[in-house]
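Worksheet: one structure, shown below.
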Amino acid sequence: MQCDTVWTNCRLLARAGQPLIDKGMIAAKNGRVVYAGPATDFDAPTIDLGRRLVTPGLIDCHTHLVFAGNRAHEFKLRLDGATYEEIARAGGGILSTVTATRAASEDELITAALPRLDALIASGVSTIEIKSGYGLTLEDELKMLRAAKALERRRPVRVMTTLLGAHALPPEYKDRPDAYIDAVCHEMIPAVVGLASAVDVFCEGIGFSPAQTERVFQAAQAHGLRVKLHAEQLSNLHGAALAARYGALSADHLEHLDADGIEAMRDAGTVATLLPGAFYFMRETYLPPIEGLRAENVPMAIATDCNPGTSPLTSILMAMNMAATCFRLTIDECLAGVTTNAAQALGLSHEIGTLEAGKSCDLAIWDCAEPADLVYFIGASPLHSRVFQGQTT
Ligand code: DI6
Ligand code: FE
């Protein structure tokens, strides 16, 4: 079998949940895996990994990484007792980040995002999803999506972009949410074809209604775009069931998800993306129905939800630790949450998420021996090195 690089002498986790291969090896050609399994003979330049643990490159399948400014001042207000909703209704919250992001140039947005991206890469990430949603005008949403895509040219990472024009009601459309949804459907969605691969909505009391969400989904599908949803985060609007009806890639947050929603997601193959960083940072107490999702074999993904308001989190390892500690996910579920299931939440199961022949050769090489170590440690990242599309970076 032809290959141009071999990595050997490692403890290999080719797929989360599968047994660790103690004497593992990965061979690649032109950036794609041709073999991943027990060590065998290959005639190609070989890199000895010194018994280190190797996993697929990790995937952060839900972030709002591109934004200007920060909201530490609001964090202080919440520590003093204010609620997220109160701050939002007083014109702060998402809209304060909108003001800063509108005032920033595309280059300034890229510069501001790079340190956050570098932190995620240092925690093992090789693929990241980045949403717009802090522009709320056609020009500023496009600016955000271009800045997100530009990060792929600045760092060895794969960026999937999602339009989240329906994130909050901009001041220009105060008291006219349906008119704003018209703009999202007729101006933004047609304009992002080729720049974004999915469309998302914040379906919530302080966001948009299920009826408005459905209009956005219909426009997205009419333009060949997949859909995702911020659903059941603060209340139960049955958004997850609606998203499943439209074949959504994922429904995300889900603290207030009910049994009907779980069944709808099961039947549609919609991934449940858990965002423990927002649960922790917002000091939520309402737990997502993990047992119900587990019982119905709904794939569970884990992401940082990196954003300035509810989850200023820049470590996918920390997100796994929180999912285990706060939501009681198992070690295998945590690893599947940032590999196999996260790939499915991005519609990329054919390309990433496991190490098998034909897929992109994205490796995370760790200074530890056991997968549990990646979930157990809080703080420093044990990442030793990484390979992206077959290239050591
Ligand atoms: N839910 C969230 O937690 C974030 N967006 C959303 O729809 C919050 C975004 C922010 O507060 O900036
Ligand atoms: Fe989010």
What's the separation between atom CG in Leu65 and atom CE in Met144, rounded to the nearest 0.5 Å? 9.5 Å
Measure centre to centre between the rings of Phe281 and Phe75, then say whether the value is under 6.0 Å. yes
CG-CZ distance between Asp140 and Arg102, expressed to the nearest 0.5 angstrom: 6.0 Å
What distance do Ser349 atom OG and Leu249 atom CG have between them, rounded to the nearest 0.5 Å? 9.5 Å
Distance check, rounded to the nearest 0.5 Å: Ile262 atom CD1 versus Arg294 atom CZ? 11.5 Å
With sequence neighbours excluded, what pairs up with Phe208 under the ring pair (Phe, Tyr, Trp, His ring centres under 6.0 Å) test? none
Can you confirm whether more than 12 heavy atoms, excluding those of Arg176, are under 6.0 Å from its CZ atom? yes
Geometric class of the His256/Tyr286 ring pair [parallel <30°, tilted 30-60°, perpendicular >60°]: parallel
Look up atom SG in Cys61 and atom CG in Leu275, then write down how far apart they are to the nearest 0.5 Å. 7.5 Å
Residues Asp200 and Lys131 bridged, charged N to O under 4.0 Å: yes
Criterion side chain to side chain donor-acceptor pair (under 3.5 Å) against His230, the qualifying member of Glu204, His62, His167: His62
How far does OG1 of Thr46 sit from CG of Asp48, to the nearest 0.5 angstrom? 9.0 Å
Check this for me: does any side-chain nitrogen of one of Asp362 and Arg386 sit under 4.0 Å from a carboxylate oxygen of the other? no
